[in-house]
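Some notes on the structure that comes next.
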There are 2 protein chains.
Amino acid sequence: MGYHAHMNVSAKPERTRLSAEDWEDAALRLIADQGVGALAVEALARQLGVTKGSFYWHFRTREALLQAALERWEQYGEREVIAQIEAMPDVRARLPELFRRVAHELAPHRVYAALLKALDHPQVVPVMARVSQRRMEFLTSIYREAGLAPEEALNRARLTYAAYVGFLQLNFTLGLPRISHEEFDAYVEHMIRTLTPA
Amino acid sequence: MGYHAHMNVSAKPERTRLSAEDWEDAALRLIADQGVGALAVEALARQLGVTKGSFYWHFRTREALLQAALERWEQYGEREVIAQIEAMPDVRARLPELFRRVAHELAPHRVYAALLKALDHPQVVPVMARVSQRRMEFLTSIYREAGLAPEEALNRARLTYAAYVGFLQLNFTLGLPRISHEEFDAYVEHMIRTLTPA
DNA sequence: TCGTTACCATACGCATGAGTATGGATTGCG
DNA sequence: CGCAATCCATACTCATGCGTATGGTAACGA
């Protein structure tokens with residue numbers, strides 16, 4: 001994601017000029033594993049091997065970078081999962097598949113988890129509102145396909161999504177009693193049994 | 001909660017000297033509605049009508065205040081709910097009652113929600129780990145009383161608690177599509193039906 | 001009453017991090 | 001080649017917020 005295809009004949013990433021997208025990607029990486037609060041321009045610059053002088057050519061302010069990074073994440077972030085699930089022919093199999101997929105590919109959700117902890121920051125609220133809204137609507141539609149009435153489907157989607165969000169917090173943020181791999185799978189299956197309409 | 005019973009014969013809280021507990025209470029109030037990141041000594045001092053000079057008499061550092069406030073919250077915070085639920089004679093009625101109670105008394109959970117967003121801060125992690133652990137053990141025991149097998153009870157408790165945590169985030173942090181009062185009650189009842197063993 | 005202790009104000013030092021000013025280097029293009 | 005535009009470094013300013021130093025005032029016991 002993001003490397004402009006220069007690829008000079010040299011082993012290492014080799015000092016090439018940077019673009020705005022490079023900064024946005026770096027910002028998202030930093031957010032993913034240190035949180036929004038750690039987004040400092042000088043720290044980013046060090047990590048990219050340059051100084052502030054570079055940054056302030058590409059962006060007018062720190063806010064601008066955060067904004068751009070958020071929009072970038074909202075677009076290229078995670079449209080794939082929804083598309084893949086919707087491509088499944090067997091409608092009844094979509095729900096369990098969605099659960100298992102999300103449970104086992106946690107890496108793409110690290111940015112979402114980080115932004116969850118930055119909801120006091122005004123810039124992230126609208127982005128998270130939109131993303132969460134879209135996902136919940138998707139979940140609702142799946143529950144409707146599974147045979148629930150409109151009201152039931154909506155409430156079940158709310159419950160499921162809340163469980164998802166809470167799960168993110170209680171795990172790679174808080175490290176609650178390091179659960180084993182088998183035990184985790186058992187948990188996921190329990191969740192599928194409990195939240196999937198009979 | 002917290003006010004040492006001087007209560008001089010005066011109408012207003014009237015400029016009396018402050019104690020360490022006063023600072024801790026103020027800190028918890030500030031954390032509850034602005035987050036841990038907003039915990040600054042000079043801001044707190046202004047809010048209490050004094051200056052930093054006062055603060056650094058009671059505490060050695062800002063970290064010390066946060067630590068003391070967290071421990072205070074962990075102790076006096078919320079033992080009551082658990083006690084009240086355990087006092088209920090009808091075992092089968094405990095679970096729905098717990099759900100409804102938590103859903104409608106959101107104020108006491110504001111500190112917990114704020115700390116949830118500060119899990120990158122090393123000081124809050126152990127506290128949140130202990131509190132969350134105790135609560136989940138309580139939930140597990142209730143599910144056992146409701147007739148679930150040990151494994152089932154544990155997993156159901158995990159699921160329920162995750163839903164609780166996620167609910168906190170998606171509401172008074174993110175303000176997801178301002179749900180109406182009746183609709184909220186319907187949601188709570190749906191949750192009870194879904195998460196309570198038949 | 002007097003002094004000691006507890007509590008608070010004022011005025012600093014010092015580190016961090018955002019933003020600016022300005023000049024140097026590199027690239028693409030005529 | 002040579003000149004612009006692009007990209008980056010260096011060296012500042014400025015605001016914020018923690019912590020310290022030190023002196024002042026109110027409370028309380030002897």
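Just so it is clear, the model here is predicted, and its values are computed rather than measured. Labels below follow one simple rule: chain letters A, B, ... track the order of the sequence lines, proteins then strands, and each chain is numbered from 1.
- Not counting sequence neighbours, the partners of B/Arg94 by the salt bridge (charged side-chain N to carboxylate O under 4.0 Å, His left out) test are B/Glu145.
- B/Trp23 places its CH2 atom 10 Å from the C1' atom of C/dC8, with the value rounded to the nearest Å.
- Taking atom CZ on A/Arg46 and atom C1' on D/dT10, their separation rounds to 16 Å, with Å as the unit.
- Rounded to an integer number of Å, the gap from B/Phe59 CZ to D/dC18 C1' is 16 Å.
- With sequence neighbours excluded, no residue forms a side-chain hydrogen bond (donor to acceptor under 3.5 Å, both in side chains) with B/Glu151.
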Margin query: Return a single string for nucleotides 19-26 of chain D, one symbol per nucleotide in 5' to 3' order, where B is base contact, S is sugar-phosphate-only contact and - is none, cutoff 4.0 angstrom on heavy atoms.
Written below: BB------

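- Note on A/Leu44: nothing from the nucleic acid sits closer than 4.0 angstrom, heavy atoms only.
- In this view, B/Arg100 and B/Glu189 satisfy the salt bridge (charged side-chain N to carboxylate O under 4.0 Å, His left out) rule, not counting sequence neighbours.
- In this structure, B/His58 reaches the C/dC8 phosphate: one of its side-chain N or O atoms is under 4.0 Å from OP1 or OP2.
- Among residue pairs with one or both ends in residues 39-52 of chain B, none qualify as side chain to side chain donor-acceptor pair (under 3.5 Å); sequence neighbours excluded.
- Annotation: of the two residues near DNA chain C, B/Trp57 and A/Ala40, the 5′-most nearest-nucleotide partner is B/Trp57.
- Atom CD in A/Glu21 sits roughly 11 Å away from atom P in D/dC7 (whole-Å rounding).
- Checking D/dC18, D/dC7, C/dT10 against every side-chain atom of B/Thr51, the shortest atom distance belongs to C/dT10.
- Partners of A/Glu137 under the salt bridge (charged side-chain N to carboxylate O under 4.0 Å, His left out) rule, at least two apart in sequence or in another chain, do not exist in this structure.
- The aromatic rings of A/Tyr161 and A/Tyr112 lie perpendicular to each other, with more than 60° between the two planes, well past the 30° mark.
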